[in-house]
Amino acid sequence: MITLITNIQELLQIRETSIGKVSGAEMANLPTIKNAFLVLKDNLIEDFGSMDNLPKINADKTIDATGKVVLPSWCDSHTHIVYAGNREQEFVDRINGLSYEEIANRGGGILNSAKKLNETSEEEIYEQSKIRLEEVMHLGTGAVEIKSGYGLTVDGELKMLRVIKKLAENYPIAIKATFLGAHAFPLHYKDDKAGYLDEIINEMLPEISKNKLADYVDAFCESGYFSVEETEKIMEAGLAFGLKPKIHVNQFNSIGGIQAGVKFNALSVDHLEIMNPEDIQALKNTETMPVALPSCSYFLSIPYTPAREMIKAGLPLALATDFNPGSTPSGNMNFVVATACIKMKMTPEEAINAATINGAYAMGLSETHGSITKGKKANLILTKPISSYYQIPYAFGSNLIESVFVEGKILE
């Protein structure tokens, strides 16, 4: 099946050869072709270029994209899409003045989601989660990472990871699974933190490894959650089972989590709302991708990741949604890109790079996703007629997507 898209107003994120990531000043450069064509063969990108150089192509389907922009699908490297129920009441509690920490201290937050998840059948969790996955696909996401972390028991964590595996088997987009048993301490381990670490390391991880249920290991390294020392133990154990770390750090406090992530060569360190100069320095010249979650800052009214400082220091940056029931009940990457521009002062070029090529890097998908490169997956966004790609973040409340291509096919 050959699909030809012609007269594209502007084709974004073209890379002749596959690259891993863009960093620092490079993030301001978004390579594009105006008045372009794009050829898809089955599920891959076959060719692209200027309409002036369009070769004769015997296409099965031709799409005229006059006035429209084409770009690679969003790569959302940090989500918690698999969960049960919601936490609407906590949303109202925050409006009425309670903080995230106060809600957590009275049994809300992650423990609330864990209670709901463990009371819900695996089939029902799958049914709820697939609706959210389908929603983000229609919003332009073509690759996604999904974490466990609302089980906090051996059975609960395995149940979540099986649901993620089933989603990956039943949907055409790339899905990476992350084991986040170290999301919070269950109530019955409140006074026995070593006991819960032992359960994660000696009971959960062996089962997960045996059943090939995860690609990565994660921990919520934060005051009141997992200490740096505890996080290091989990990363070390995960690595022993072949799971590379991707960790939550610096959401509310800077306690040394970034340095720990770098020490264990974490693929990414995520959140980064609170960054000091030592944290930025620690990330320089490493293989670890910093990931910002601006819609979490928006929803919780907490600081935004200091993107300008980080990019000025030469760092790369990725953007992700943090889609979850408590702090970011949205998987809309278009809103993430807009919020990064509006609140973090990223340019549209930087934000699109962060949400495509750098997002792919942050889940180990640089070879197949994140750019318009021959041989990569034909996962694309075709916009409605727009004046320029600046309109994507500018018109932050509008749905500017006309079609989403997943594996070369238009999503119905």
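Everything numeric in this text was worked out from a predicted model, so none of it was measured.
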I would like to know whether Y216 and E145 meet side chain to side chain donor-acceptor pair (under 3.5 Å); could you show each step before the answer? CA-CA 10 Å; Y216 304 113; E145 178 258 22; over 6 Å; no

Please lay out, stage by stage, how S121 and E124 fare under the test side chain to side chain donor-acceptor pair (under 3.5 Å). CA-CA 5 Å; S121 72; E124 177 57 26; 5.6 Å; no

Evaluation steps, side chain to side chain donor-acceptor pair (under 3.5 Å), between Q89 and D93: CA-CA 6 Å; Q89 185 55 50; D93 290 341; 3.2 Å; yes

With salt bridge (Lys or Arg N to Asp or Glu O under 4.0 Å) as the test, would you mind laying out the steps for K193 and E230 before giving the verdict? CA-CA 9 Å; K193 293 188 172 182; E230 289 160 346; 5.2 Å; no

Let me see the working for T178 and D218 under side chain to side chain donor-acceptor pair (under 3.5 Å), right down to the final yes or no. CA-CA 7 Å; T178 298; D218 197 346; 5.8 Å; no

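The side-chain contact (heavy atoms from CB on, under 4.5 Å) search around I280 returns M275, E309, M310, A313, L315, not counting sequence neighbours. With sequence neighbours left out, A177 forms a side-chain contact (heavy atoms from CB on, under 4.5 Å) with L161, I164, D215. Partners of E16 according to the salt bridge (charged side-chain N to carboxylate O under 4.0 Å, His left out) rule, which considers only residues two or more places apart in sequence or in another chain, do not exist here.
Ring pair H183/H80 is parallel by interplanar angle, where below 30° counts as parallel and above 60° as perpendicular. Taking the six-membered ring where tryptophan is involved, the planes of H271 and H78 are perpendicular, since the angle between them exceeds 60° and thus also 30°. Between F220 and F252, the two ring planes are tilted [angle within 30° to 60°].
Note on residues 289-305: no pairs pass side chain to side chain donor-acceptor pair (under 3.5 Å), not counting sequence neighbours. The list of side chain to side chain donor-acceptor pair (under 3.5 Å) pairs with a residue in residues 400-412, not counting sequence neighbours, reads N43-E407, K68-E402, K377-E407. The side chain to side chain donor-acceptor pair (under 3.5 Å) pairs that include a residue from residues 356-372 are Q13-T356, E287-Y361, S371-T373, S371-K376, where partners are two or more places apart or lie in different chains.
Between the E157 side chain and the S148 main chain, no donor and acceptor come within less than 3.5 Å of each other. Although no hydrogens or angles enter the test, the distance criterion places a donor-acceptor pair under 3.5 Å between the side chain of K159 and the main chain of T120. At distances below 3.5 Å, at least one donor-acceptor pair connects side-chain atoms of E90 with backbone N or O atoms of G109. Looking at Y389, its side chain never comes within 3.5 Å of a backbone N or O of P348 through a donor-acceptor pair. The backbone N or O of G314 sits nowhere less than 3.5 Å from a side-chain atom of K284 that would complete a donor-acceptor pair. Without hydrogens or angle criteria, R87 side chain to N112 main chain gives no donor-acceptor distance under 3.5 Å. With hydrogens and angles disregarded, no donor-acceptor distance shorter than 3.5 Å links the side chain of T383 to the backbone of L400. A donor-acceptor pair is defined here as one N or O able to donate and one able to accept, closer than 3.5 Å; such a pair exists between the side chain of N324 and the backbone of G326. Judged by distance alone, with hydrogens and angles left aside, the side-chain atoms of N353 form no donor-acceptor pair with the main-chain N or O of E350 at under 3.5 Å. Although no hydrogens or angles enter the test, the distance criterion places no donor-acceptor pair under 3.5 Å between the side chain of E207 and the main chain of M204.
Under a cut-off of 6.0 angstrom, the local environment of OH in Y171 is crowded, with over 12 non-hydrogen atoms contributed by other residues, nucleotides or ligands. The environment of CD in E119 is crowded: more than 12 heavy-atom neighbours from other residues, nucleotides or ligands sit within 6.0 Å. Shown here is K384, whose NZ atom has more than 12 heavy atoms of other residues, nucleotides or ligands within 6.0 Å. When the shell of 6.0 Å around CD of E169 is examined, it contains more than 12 heavy atoms from other residues, nucleotides or ligands. Within 6.0 Å of the NZ atom in K233, the count of heavy atoms belonging to other residues, nucleotides or ligands does not exceed 12. Surrounding CZ of F396 are at most 12 heavy atoms belonging to other residues, nucleotides or ligands under 6.0 Å away. Counting non-hydrogen atoms of neighbouring residues, nucleotides and ligands closer than 6.0 angstrom, the NZ atom of K343 reaches no more than 12 such neighbours. Within 6.0 Å of NZ in K41 there are 12 or fewer heavy atoms belonging to other residues, nucleotides or ligands.
Side-chain contact between N332 and E135 is absent, with no heavy atoms from C-beta onward closer than 4.5 Å. When side chains are defined from C-beta on, I63 counts as touching I410, because their heavy atoms get closer than 4.5 Å.
When each of T3, L40, V39, I2 is checked for a side chain to side chain contact (heavy atoms under 4.5 Å, CB included) with E46, only V39 meets the rule.
Note that CG of L243 is 12.5 Å distant from CD1 of I234, once rounded to the nearest 0.5 Å.
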